[in-house]
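In what follows, chains carry the letters A, B, and so on, assigned in the order in which the sequence lines appear, proteins first and then strands, with residues in each chain numbered from 1.
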2 protein chains.
Amino acid sequence: MARTQPQKRATVHDVAAAAGVSRGTVSRVLNGGYVSAASRAAIEAAIADVGYVPNTAARNLVRRRSQAVGFLTLEPHSLLLEDPNIGAIMLGANEELSIADHQMVSLVVDSARDTERVARYLSGGFVDGAIVVSARTHDPITRVIGALGLPATFVGHPPDLSRDTPWVGIDNAGSARALVTRLAAGGRRRIGMIAAALDRDSGADRLAGFRAALGDRFDAGLVAEVPLYDYASGVKGMRELLSREPAIDGVFAASDAVAAGALEVLRDAGRAVPADVGLVGFDDSSWALRTQPPLSTVHQPAREVGAVAADLVLRQINGDHPDPVVLPSPIVWRDSA
Amino acid sequence: MARTQPQKRATVHDVAAAAGVSRGTVSRVLNGGYVSAASRAAIEAAIADVGYVPNTAARNLVRRRSQAVGFLTLEPHSLLLEDPNIGAIMLGANEELSIADHQMVSLVVDSARDTERVARYLSGGFVDGAIVVSARTHDPITRVIGALGLPATFVGHPPDLSRDTPWVGIDNAGSARALVTRLAAGGRRRIGMIAAALDRDSGADRLAGFRAALGDRFDAGLVAEVPLYDYASGVKGMRELLSREPAIDGVFAASDAVAAGALEVLRDAGRAVPADVGLVGFDDSSWALRTQPPLSTVHQPAREVGAVAADLVLRQINGDHPDPVVLPSPIVWRDSA
DNA sequence: TTGTACGCGTTATCAT
DNA sequence: ATGATAACGCGTACAA
């Protein structure tokens, strides 16, 4: 009949009683403070004896700190399931927070209902700060964070006007530009792009880089817009491009997953890569090495992005006022172009 | 000079003062209770005015409930990054918890350090229950949950002796058996398996099902053991199988990702699928449709698994004592075998 | 070194 | 319907 329910937990009071000291002394051995060896021994014994475990809610209440930071993922449909980077970013953040003895709590915002609940959670003193990945312009969550004055860091550059909250990311535009420039240098004449997630900074910036690289030769008719950074979008986008310009001989896919989808369409259409058409992706995710041929792409240091994001919130929690940081994202050139 | 630091937040006390009523009355409008229209109006105005937002830590302290449940992912290396199901499970759980007005907080356990911190977190009253995915035998976290008497649910069947904590999952052994039986029925003579994650119940059960399906024809020399459910493991495993038995004509890969890796090796080796060798996977993840040919596999209702897991903890939190549930996982037969 | 007492922000019980 | 007031479990000046 093991009950899993009420389970009255031992408190400092109980420990004190069992050890024959006052609650203050118990509290002192728990945190750091001067306490005699004798008392300490007795108290430690008592703790083990009554099975005491601190109530963090109470501790937070008095300390006004939770030792936790939120990791917010907006729009999980595309992100949690499709974005190969998000996992690595989380891991990087967790690692960094871990060594600072902070708990990372990952919150997913999947509906209006979620939004409201997460807002309450954030306001409730559960976290000392937040890492927000892929915020869109005018996101309610962004507003809440601002209103709360909660230490925060954006992954990807900050939506709209955004006050002084720092962010960490890569130079999407610059990298895209460099990549496409190199693709063009290979002698390709008709270069198109499958542009994804244009409502996100990364998506918009990659398109901007594409355009900049091509300059006068840019042709708006050669960019296919798709909603997500995923494989299916790549399939769709490539079909569109192919029908619009059968003579296409170069393609910049907004992500490796998109490129993988495009690759399949090209194969089915009988176009050899890279012989007939040069294809490049973005992210250097696991996709890049799984395709045949492996993808030329831009390396995104996902794990480090997460680590830096964590560092930036931590610094703010400690009263600092750090600047944004953009990490290097080198081109890695393989066989697809 | 916008400070993001201290930011003294308004309390019920402030609201009461501003509205000219007592704290009790304020609390009553916040939660439900009888309060005159006049007071209510005044209080609501005051709330908006001073920008009051409830402190959940304080509320939890007195209510002894956090309205949150933890989603624990152990060993994120393989899971968070490689397992295509984990995201869907999370989403399913979040959805269910969301409608019950509970916050899902996802915690990743990536190191010994993490283990200890998460244990503290769990003990701290931050969550009313926990969903644990992929616990191994003798996991410290499992022990903590047991000792705490925290309402919990395992995804996959419970490690070791495990008390009366319910779980949700599929019949890995049965499904694997049915799948391999069908593969064998196609006339394949030498059927091998790439077995992964043998230290997890799902991995061990899939191997057991494979063995059961083959009966007397089972040959231990035809199973290659690999650590993870991922693509790279598939590559490694298939190479091994091929070198051990060049005449192999059927392969059961422990997951779709593994099958995808195996497929590449087969292609490189000049073996046609399904003509020369029949290949089947497991999970019915997005991998299954991306390969050429698409994979015959076992459909895993990941989203529903998550939803049921959430339901099971919720029920326990409300004092119930639910039974384990195993969800149907039908075979979906495509072209790879 | 140790004990006392107050406060953290809410909810809940009790009179009124 | 509303206002005091006592918990909730803990940290921490302050006094001893």
Side-chain angles (χ1 to χ4, degrees), chain A residues 6-44 46-47 50-68 120-128 148, chain B residues 6-44 46-47 50-68 120-128 148:
Chain A
Q7 176 99 192
K8 197 163 180 47
R9 245 119 89 169
T11 75
V12 167
H13 186 87
D14 301 327
V15 175
V21 298
S22 82
R23 303 187 319 204
T25 311
V26 174
S27 183
R28 249 158 259 147
V29 356
L30 257 27
N31 312 289
Y34 291 130
V35 45
S36 72
S39 306
R40 172 171 307 253
I43 290 174
E44 275 165 355
I47 285 181
V50 305
Y52 168 77
V53 31
N55 179 320
T56 321
R59 170 177 301 187
N60 290 350
L61 183 57
V62 53
R63 280 205 187 145
R64 272 96 130 248
R65 278 238 179 156
S66 63
Q67 295 286 102
R120 282 206 319 264
Y121 189 87
L122 257 26
S123 324
F126 279 103
V127 296
D128 297 334
L148 246 40
Chain B
Q7 175 99 192
K8 198 165 176 45
R9 245 121 87 169
T11 76
V12 166
H13 185 87
D14 302 327
V15 175
V21 299
S22 80
R23 303 185 318 203
T25 311
V26 174
S27 181
R28 250 159 256 146
V29 356
L30 255 29
N31 312 288
Y34 290 132
V35 45
S36 72
S39 305
R40 172 172 307 256
I43 290 173
E44 275 164 354
I47 284 180
V50 304
Y52 168 77
V53 32
N55 178 319
T56 321
R59 170 179 302 190
N60 289 350
L61 183 57
V62 54
R63 282 207 185 147
R64 271 94 134 255
R65 278 239 178 155
S66 65
Q67 294 286 101
R120 284 208 315 266
Y121 189 87
L122 258 25
S123 323
F126 278 104
V127 295
D128 297 335
L148 245 41

Distance, rounded to the nearest Å, where [X] contributes [atom1] and [N] contributes [atom2]:
{"X": "B:Arg65", "N": "D:dG9", "atom1": "CZ", "atom2": "P", "value": "16 Å"}
{"X": "A:His13", "N": "D:dG11", "atom1": "NE2", "atom2": "C1'", "value": "16 Å"}
{"X": "B:Leu61", "N": "D:dC10", "atom1": "CG", "atom2": "P", "value": "9 Å"}
{"X": "B:Leu30", "N": "C:dA12", "atom1": "CG", "atom2": "P", "value": "11 Å"}
{"X": "B:Asn60", "N": "D:dG9", "atom1": "CG", "atom2": "P", "value": "13 Å"}
{"X": "B:Asn31", "N": "C:dT13", "atom1": "CG", "atom2": "P", "value": "12 Å"}
{"X": "A:Gln67", "N": "D:dC10", "atom1": "CD", "atom2": "C1'", "value": "15 Å"}
{"X": "B:Arg59", "N": "C:dG9", "atom1": "CZ", "atom2": "P", "value": "15 Å"}

[N] phosphate, OP1 or OP2: any side-chain N/O from [X] under 4.0 angstrom?
{"X": "A:Asn55", "N": "D:dC8", "result": "no"}
{"X": "A:Tyr34", "N": "C:dG3", "result": "no"}
{"X": "A:Arg64", "N": "C:dC8", "result": "no"}

Return yes if some donor-acceptor pair links the side-chain N/O of B:Asp14 with the main-chain N/O of B:Thr11 below 3.5 Å, else return no.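 Answer holds: yes.
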Kindly list each side-chain donor-acceptor pair under 3.5 angstrom involving residues 23-33 of chain A, sequence neighbours excluded, with atom names and distances?
| from | atom 1 | to | atom 2 | distance (Å) |
| --- | --- | --- | --- | --- |
| A:Thr25 | OG1 | A:Ser22 | OG | 3.4 |
| A:Ser27 | OG | A:Asn31 | ND2 | 3.3 |
| A:Asn31 | OD1 | A:Arg63 | NH2 | 2.9 |
| A:Asn31 | ND2 | A:Ser27 | O | 2.8 |

Interface residues of residues 36-44 of chain B with DNA chain C (non-hydrogen, below 4.0 angstrom): none
Pull out every residue in residues 14-24 of chain B that has a heavy atom closer than 4.0 Å to any atom of DNA chain C, ordered by number, or say none. B:Arg23, B:Gly24
What nitrogen or oxygen pairs link the protein and nucleotides 14-16 of chain C at under 3.5 Å?
none

Sugar-phosphate, base or nothing in reach of A:Val35, heavy atoms under 4.0 Å: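 Touches sugar-phosphate only.
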Comparing A:Val62 with B:Arg63, nearest DNA chain D nucleotide closer to 5' gives the residue B:Arg63
Quick one: closest heavy-atom pair of A:Asn60 and A:Arg65, and the distance?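 For A:Asn60 versus A:Arg65, the nearest heavy atoms are OD1-O, 2.7 Å.
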Of the non-hydrogen atoms in A:Ala18 and A:Ala46, which two are nearest, and what is the gap between them? CB-CB, 3.9 Å
With respect to the side chain of [X], which nucleotide from [options] is positioned closest?
{"X": "B:Thr11", "options": "D:dC10, C:dG9, D:dG11", "answer": "C:dG9"}
{"X": "B:Thr25", "options": "D:dT2, C:dT10, D:dC10", "answer": "D:dT2"}
{"X": "A:Ala58", "options": "C:dT10, D:dC10, D:dG11", "answer": "D:dC10"}

Taking Watson-Crick and G-U wobble contacts under 3.5 angstrom, with | marking pairs to another strand and [ ] crossing pairs, the secondary structure of DNA chain D is written ||||||||||||||||
Can you give me every donor-acceptor pair (side chain of residues 120-128 of chain A, partner residue at least two apart or in another chain, under 3.5 Å) with its distance?
| from | atom 1 | to | atom 2 | distance (Å) |
| --- | --- | --- | --- | --- |
| A:Arg120 | NH2 | B:Asp101 | OD1 | 3.2 |
| A:Arg120 | NH2 | B:Asp101 | OD2 | 3.4 |
| A:Ser123 | OG | A:Ala119 | O | 2.6 |
| A:Asp128 | OD1 | A:Ser66 | N | 2.9 |
| A:Asp128 | OD1 | A:Ser66 | OG | 3.1 |
| A:Asp128 | OD2 | A:Ser66 | N | 3.2 |
| A:Asp128 | OD2 | A:Gln67 | N | 2.9 |

